[in-house]
Structure formats: structure tokens, C-alpha cells
Amino acid sequence: MTFPEFDDPLRPLLTQVSRPSRYCGSEWRLSRTAGAGTNENTLSVCLAFPDVYEIGMSYYGFQILSPLVAADRAYCPWVDMEALMRKNSLPLASMERSTPLSDFDVVGFTLQHELGYTNVLTMLDLGGIPLRSEKREDNHPIVMAGGPGAFMPEPLSSFIDIFCIGEGEKILPGLLSSLSESRGRGRGERLAECARLPGVYVPMYTKRSCHDPVRREFSLSFEETYLPDSMIVPSVGIVHDRAALEVFRGCSRGCRFCQAGMTNRPVRERAPGTIVEALIRLTCMTGWEEAGLLSLSTCDYSGIDRVIEDLTPKLIEQGVKLSLPSLRMDGFSVNLATRFQKTRRGGLTFAPEAGTQRLRDVINKGLDEESIFACLEEAFSKGWDKIKLYFMMGLPTETDDDLDGIVRLAQESVKLARRQGRKRVSVGVSVAGFVPKAHTPFQWEAQNSIEELKTKGRRLKSQVKDKAVSLKYHEPEQSFLEGVLARGDKRLGGVIERAWLKGARFDGWSETFDLTRWLGAFDECGLNPADYVRTREEHENLPWDHIDAGVTKDFLLRERAAAYAARQTPDCRHTPGRGRAPVCNACGLNCGGGSGELAKTAQRPESCPPEL
């Protein structure tokens with residue numbers, strides 16, 4: 001057996017860069033028989049993540065898709081390594097076999113966040129692939145993209161040949177089969193053929209509109225989707241350094257700001273027995289000392305009690321700690337966390353999102369003041385001293401009183417802890433600027449300007465009087481750019497390219513982000529970024545109308561009207577309607593799980609307030 005990574009031309013450069021471990025490879029449980037180069041008749045695929053190794057290796061999707069499509073992997077080099085690669089004329093290559101990206105048949109990007117878009121261009125350019133689709137010839141790889149960013153494809157549509165709209169496990173087998181069978185034919189012919197496949201958007205060939213959209217593809221049964229029997233164990237520490245298993249997909253809570261909650265419907269679960277067996281197998285195969293249960297809200301998994309009961313003794317025997325990445329703000333979640341950490345008490349993280357009940361009703365958080373403090377009281381009484389609370393500022397209809405409520409809630413939490421005898425209490429408050437996202441009820445809303453967010457952030461910090469409360473807020477400049485790209489159109493392709501040429505890299509990292517590069521790029525392209533964060537009229541065409549994420553625009557408009565009325569919409573999984581079936585909120589999925597009660601009576605609102 002040979003280990004080509006030891007002949008990697010990058011190795012002489014490792015002493016000159018920060019975090020050289022990002023480029024070393026030699027991972028445990030890495031298959032050396034799958035991927036590029038195994039068979040000249042096999043389609044070679046490289047999965048590319050537009051961020052550094054320790055971020056990309058924390059992405060669960062790669063652990064699923066890599067063995068499923070026999071793919072290699074590539075990550076974006078940090079700026080110091082990029083400079084050295086260019087100086088030494090070294091191409092970006094895959095982790096598995098040091099194969100340059102230009103030598104693959106397919107390079108597939110995961111678009112997890114808008115601020116990683118310039119990194120896509122970095123990887124294409126370093127990999128020897130022309131940036132723009134129109135410049136690529138028959139011998140160049142087909143460049144694909146999936147993930148959350150694919151639901152708003154136009155800003156990157158000049159650089160991506162194929163967007164996968166929906167779940168990769170559902171789309172990729174047929175798509176890759178088509179590309180494999182068409183090898184040797186012209187690039188245009190191959191792409192045109194792919195454009196006819198379900199869930200596939202090919203900007204050059206897919207002529208769709210809001211009346212004939214590209215529909216999201218997903219598996220109705222989660223049990224039928226691929227379940228990994230092992231995972232690649234990184235050779236260095238990563239952000240989420242643990243064995244992980246996805247317990248269910250989707251969310252029915254209906255938070256009006258949450259794109260993932262809208263685009264991942266309906267809820268689909270794995271059986272408790274399947275989860276327990278698979279997670280035990282993963283920890284045995286990988287040697288991780290921590291395991292995690294993944295979903296948008298793991299505490300909402302209907303079989304969580306049984307899974308915890310069956311898993312706990314087996315994991316204790318292995319010396320493995322179980323973690324929950326997402327906690328509901330209720331006593332049930334606190335009790336679960338307490339069972340996991342019976343000795344050492346770390347911290348608990350919750351997301352009230354808004355500081356007042358009125359605003360929590362606006363965003364349909366489904367959380368009242370009484371429940372918040374009951375949860376915190378439960379946490380403090382069980383020995384927890386550190387609490388972290390997540391909020392947003394700049395939400396639709398927000399007032400100064402809503403904003404001040406964030407600090408009031410934090411300071412009341414401290415007082416509650418002290419009444420419980422927790423003298424060393426610490427409450428950390430993290431506040432992010434609200435960014436309206438496509439395919440949500442708030443997709444029409446304006447976004448606060450940079451100066452507005454700065455003013456609000458300073459107002460919050462000035463009100464913190466208790467040393468037990470620490471408050472920080474996200475950089476408004478980054479939130480602003482995220483908002484521009486999140487609701488952008490095809491014209492932004494030129495802006496992204498110019499910003500990249502000016503040196504824009506890793507825009508999600510504060511140490512490398514520079515808004516002036518972007519403002520210069522907008523100026524050169526003759527575009528005003530403020531036009532992209534304005535209020536959108538309900539009747540205007542939106543740049544993502546040709547993508548059907550599953551929920552209808554009528555449903556989103558009804559939810560927008562309900563937001564302005566501060567009226568909550570019930571959780572369709574747990575709210576009973578007439579008869580035995582749960583209530584149906586008529587979101588448009590026709591999942592067959594509800595009574596249809598609201599579906600029959602829901603009507604489109606006559607109008608919604610056009611301004612915040």
C-alpha cells in the first residue's frame with residue numbers, strides 16, 4: 001500500500017504557514033480504495049468545502065456523501081498557504097490522492113454560508129478551473145453546488161454549472177449516473193441533459209420561472225437514506241470534534257426568521273433502535289470520546305427518551321460523553337443536559353431570540369416569559385452556573401423596548417440565579433443582526449443598516465450594569481454583506497469576482513474581512529448594495545422565485561401577516577386539530593400528516609404593511 005500524501009508537494013511549505021495540520025492528511029478510517037483514480041471508467045468526484053479544514057471536517061454532509069459517491073475531498077487553504085501555492089505554482093489538490101481539482105470529472109461545492117462565496121472562486125482558480133462556466137471547455141470538470149446556498153443560486157450562477165436543489169442523497173445518484181453515461185460527449189449536451197433531471201438547476205440551460213420552478217428533492221422516508229457505518233477521524237482537532245449521527249430532519253416549529261426550518265420540511269425521523277445501534281458502532285469504529293445527536297432541534301425528537309435510556313449505559317462503558325448541540329428552553333432539555341453531565345458542570349446555551357413576549361410572538365418563537373424563567377430556574381437549581389443566551393437585533397417591528405428587553409432578561413436571569421444560591425453565576429449574551437433570508441416569511445423585509453446595528457449594539461452594551469452579564473454583538477459589516485448576498489441576483493456575480501480580485505477571502509472571519517473591498521467592487525460594477533437589503537414588495541419578482549423550496553408563497557405571506565399581528569402559528573406536529581390528526585398549517589408540502597383544518601380555512605391576506 002502506498003501513501004501518496006507523503007509525497008505531497010505542499011509538505012515543504014508546511015513550516016511556513018499557520019496551522020500546518022490543516023494540510024497533513026493521514027486521517028484515521030480514511031478509505032484508500034474509493035475516490036478518484038480507482039477505475040478509468042468511473043466518474044471521479046471531488047467534494048469541495050469553501051472554508052478551512054477544521055470547519056469543513058465538522059460538516060456532517062461530507063461524512064455522508066464521501067462514501068456514497070466514492071469522492072475525494074478538498075478544503076480552502078488559508079491566505080498564507082494560498083500565497084505560497086501561487087508563488088510555487090502548486091495547484092489545489094484533493095486530500096485523498098493529491099489529485100488537482102482540474103483532473104476530476106466533477107467538483108461539487110457545499111454552500112453553507114454566503115460569506116464563503118469568494119472562497120469558491122479561490123478554490124476554482126487554485127484548482128486550475130476557469131472561474132466562469134462559459135469559459136470552461138469539454139475537458140474541464142463539471143462544477144456543481146448544493147446546500148443551503150443553492151436555494152438562492154443567482155449570485156453564484158456565473159460560476160456554477162449545476163445546482164442541486166434539495167438533499168444530496170436523493171439527487172446525486174441519478175445526476176452522477178447521467179454524467180457518467182454521457183462522458184465523451186460535448187459539455188453543453190451533457191449539461192442540457194442534466195437540466196431535465198428533478199431537483200437540478202443548470203443556469204445555462206434551465207429556463208424556469210415562478211410558474212415552472214425547479215422543485216426541491218427530498219426523501220420522504222429518513223430510514224431509507226444513507227446511514228454511515230464509520231466516519232473519517234481527523235488527525236487534528238476540529239470545531240465539532242466528535243462522532244455524530246443525524247437523528248431527524250426538518251422542523252415544524254415555524255420560526256419565521258429561520259430558513260432551515262422552512263426548507264427542510266417535513267419532519268422525518270430515524271427509529272430509536274437504529275440510532276442507538278449506529279452510534280455505538282460509530283464510537284467503536286472511530287475511538288472518539290464524545291458523540292453527538294444532530295438535528296435542527298434534537299430535543300424535539302420523539303424517541304429521545306428511549307435513545308438516551310438505551311445509549312447512556314453503553315456509552316458510559318466506553319467512556320464516551322454524549323452531547324446535544326441544540327437545547328429547547330424548557331425543563332425537559334435541562335434534565336437531559338443534567339443526565340449527560342452528572343459531575344462537571346459546563347454551560348447551557350439557549351436562544352430566546354427576542355427580548356419581549358410581543359416580539360417573540362412576531363417571530364413565532366413559541367416561547368413565553370414564564371417558560372423562559374421556569375427553564376432558567378430549573379437549570380440554576382440543578383447546579384448550572386454558566387448560561388449563554390442568543391438574541392437577534394433588527395427584527396421586523398422591533399422597538400427600543402424590545403431591544404432593552406434583551407438586557408432586562410439577562411439581568412433578571414442573574415437575579416434568579418442568586419436567589420437559587422448560585423453566587424458565581426455567569427450569563428453571556430450574544431446578539432446577531434437579523435438577516436432576512438429567502439424562502440421565509442421575512443424574505444420581503446428590510447434589513448437594518450450598518451449604522452443602525454452599531455447604534456443598537458452600543459445601546460445594549462451601555463445598559464449592562466451587572467458584572468455577571470457579558471454582552472457581545474456580531475460585526476454589523478459582516479451581517480450587512482451576508483444580507484446583500486442572501487437575497488442577491490445574477491448581477492452580484494460580477495461583484496463577487498471583483499471583490500475576490502481585490503483580495504476578499506474568508507469573509508466570515510473577522511481577521512480577514514474587509515468591507516472596503518466589497519464597496520469598491522460594487523462601485524466598479526455600478527451597483528448599490530443598499531438596493532439588496534431594502535423592503536421588497538409582495539408583488540415583485542424575487543431572484544429566487546424559480547426555486548421551489550417546498551413551502552408556498554401564499555403560506556409565507558400568511559405568516560408575514562401573522563407576524564405583523566403578533567399572532568402565533570401552532571406547531572403542526574404537536575397541536576391537535578379536530579379529530580385525532582394534528583392541525584395542518586397549509587404550508588404547501590401536502591405531507592399527509594395533518595387534519596387539513598387550517599388548510600381549508602386559510603386565506604391569503606389582502607395586504608401586509610410594506611414598511612417595518
Side-chain angles (χ1 to χ4, degrees), residues 113-114 148-149 151-152 210 251-265 296 351-367 390-399 402-403 431-449 452-453 456 474 476 479-489 530-545 547-569 571 585-588 602 604-605 607-612:
H113 197 271
E114 292 85 356
F151 287 101
M152 309 81 67
C210 61
C251 180
S252 56
R253 290 188 169 267
C255 296
R256 294 175 179 130
F257 59 84
C258 181
Q259 186 185 69
M262 297 292 166
T263 59
N264 284 286
R265 297 183 175 201
L296 290 176
E353 308 291 4
T356 63
Q357 188 59 49
R358 186 200 69 82
L359 195 53
R360 284 191 293 274
D361 290 344
V362 166
I363 64 177
N364 204 44
K365 182 61 181 177
L367 187 64
Y390 282 106
F391 295 92
M392 286 183 285
M393 58 183 175
L395 285 162
T397 79
E398 181 185 75
T399 65
D402 297 316
L403 198 64
V431 187
F434 166 67
V435 177
K437 297 284 186 171
H439 307 292
T440 72
F442 290 155
Q443 65 179 3
W444 293 275
E445 307 303 331
Q447 181 177 338
N448 278 185
S449 67
E452 285 174 323
L453 290 176
K456 291 180 177 183
H474 189 67
S479 296
F480 174 75
L481 179 60
E482 179 186 345
V484 170
L485 297 174
R487 294 191 293 170
D489 54 27
D531 291 341
Y532 290 94
V533 294
R534 63 176 173 83
T535 300
R536 310 294 176 101
E537 300 298 329
E538 293 180 7
H539 56 77
E540 72 176 280
N541 293 327
L542 301 173
W544 52 90
D545 277 346
I547 303 298
D548 182 356
V551 296
T552 66
K553 188 177 280 191
D554 269 0
F555 169 72
L556 298 180
L557 285 168
R558 292 198 306 272
E559 285 297 288
R560 186 183 188 217
Y564 279 97
R567 186 175 65 247
Q568 294 191 66
T569 298
D571 184 333
N585 293 321
C587 69
R604 188 184 186 282
S607 63
C608 296
E611 304 292 340
L612 294 184

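Keep in mind it's a predicted model, so treat the numbers as computed, not measured. Just so it is clear, the values below take in all heavy atoms, side chains as well, and ignore hydrogens, waters and symmetry mates.
A pairwise comparison of heavy atoms in Ala354 and Ile363 identifies CB-CD1, 4.3 Å as the closest pair. Here the closest heavy-atom approach between residue Gln443 and residue Lys437 is recorded as CB-O, 3.3 Å. Of all heavy-atom pairs spanning Pro396 and Val362, the tightest one is O-CG1, 3.8 Å. Minimum heavy-atom separation, Ala446 to Pro436: O-CG, 4.0 Å.
Take Ser252 and apply the side-chain hydrogen bond (donor to acceptor under 3.5 Å, both in side chains) test, not counting sequence neighbours, and it matches Asp571. Under the rule for a ring-ring contact (aromatic ring centres under 6.0 Å, His included), the partners of Phe434 that lie at least two apart in sequence or sit in another chain are Phe442.
Summarising the geometry, atom CG belonging to Leu395 is positioned 11.0 Å from atom NZ belonging to Lys365; distances are rounded to the nearest 0.5 Å. Interatomic distance, Leu542 CG to Glu537 CD, rounded to the nearest 0.5 Å: 10.5 Å. Between atom CG of residue Asp531 and atom CG of residue Asp489 there is a gap of 10.0 Å, rounded to the nearest 0.5 Å. Between the CD atom in Glu398 and the CZ atom in Arg358 there is a gap of 9.0 Å [rounded to 0.5 Å]. To the nearest 0.5 Å, atoms CG (Leu359) and OG1 (Thr399) are separated by 7.5 Å. With values rounded to the nearest 0.5 angstrom, Met393 atom CE is found 5.0 Å from Leu453 atom CG.
Proximity of a side-chain donor or acceptor of His439 to a complementary backbone N or O of Thr263 within less than 3.5 Å is not detected. Without hydrogens or angle criteria, Asp361 side chain to Gln568 main chain gives no donor-acceptor distance under 3.5 Å. Judged by distance alone, with hydrogens and angles left aside, the side-chain atoms of Asp548 form a donor-acceptor pair with the main-chain N or O of Gly550 at under 3.5 Å. Judged by distance alone, with hydrogens and angles left aside, the side-chain atoms of Arg360 form no donor-acceptor pair with the main-chain N or O of Glu353 at under 3.5 Å. Looking only at distances, a side-chain donor or acceptor of Asn264 sits under 3.5 Å from a matching main-chain atom of Ala260. The main-chain N or O of Ser449 is found under 3.5 Å from a side-chain atom of Glu452 such that the two form a donor-acceptor pair. Remark: side-chain polar atoms of Arg265 are paired, donor with acceptor, to backbone N or O of Gly261 under 3.5 angstrom. Under the 3.5 Å distance criterion, the side-chain polar atoms of Glu538 are left unmatched by any main-chain donor or acceptor of Leu557. Not one N or O on the side chain of Gln447 forms a donor-acceptor pair closer than 3.5 Å with the backbone of Gly394. Judged by distance alone, with hydrogens and angles left aside, the side-chain atoms of Arg558 form no donor-acceptor pair with the main-chain N or O of Lys553 at under 3.5 Å.
Within the 4.5 Å cutoff, side-chain heavy atoms of His474 are placed close to those of Ser479. Pro543 places none of its side-chain heavy atoms less than 4.5 Å from the side chain of Met152. Side-chain contact between Pro441 and Met262 is present, with heavy atoms from C-beta onward closer than 4.5 Å. Counting heavy atoms from C-beta outward, Cys587 and Val551 have side chains that approach closer than 4.5 Å. Inter-residue side-chain proximity for Phe257 and Thr440 is flagged as unmet; no heavy-atom pair is nearer than 4.5 Å.
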Trace of the side-chain hydrogen bond (donor to acceptor under 3.5 Å, both in side chains) decision for Thr569 with Arg256 | CA-CA 10 Å; Thr569 298; Arg256 294 175 179 130; 3.1 Å; yes
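Each of Arg534, Arg536, Arg560 was evaluated against Glu445; a single residue qualifies, Arg560, per the salt bridge (charged side-chain N to carboxylate O under 4.0 Å, His left out) test.
In this model, no donor atom of one side chain and acceptor atom of the other lie less than 3.5 Å apart for Glu540 and Trp444.
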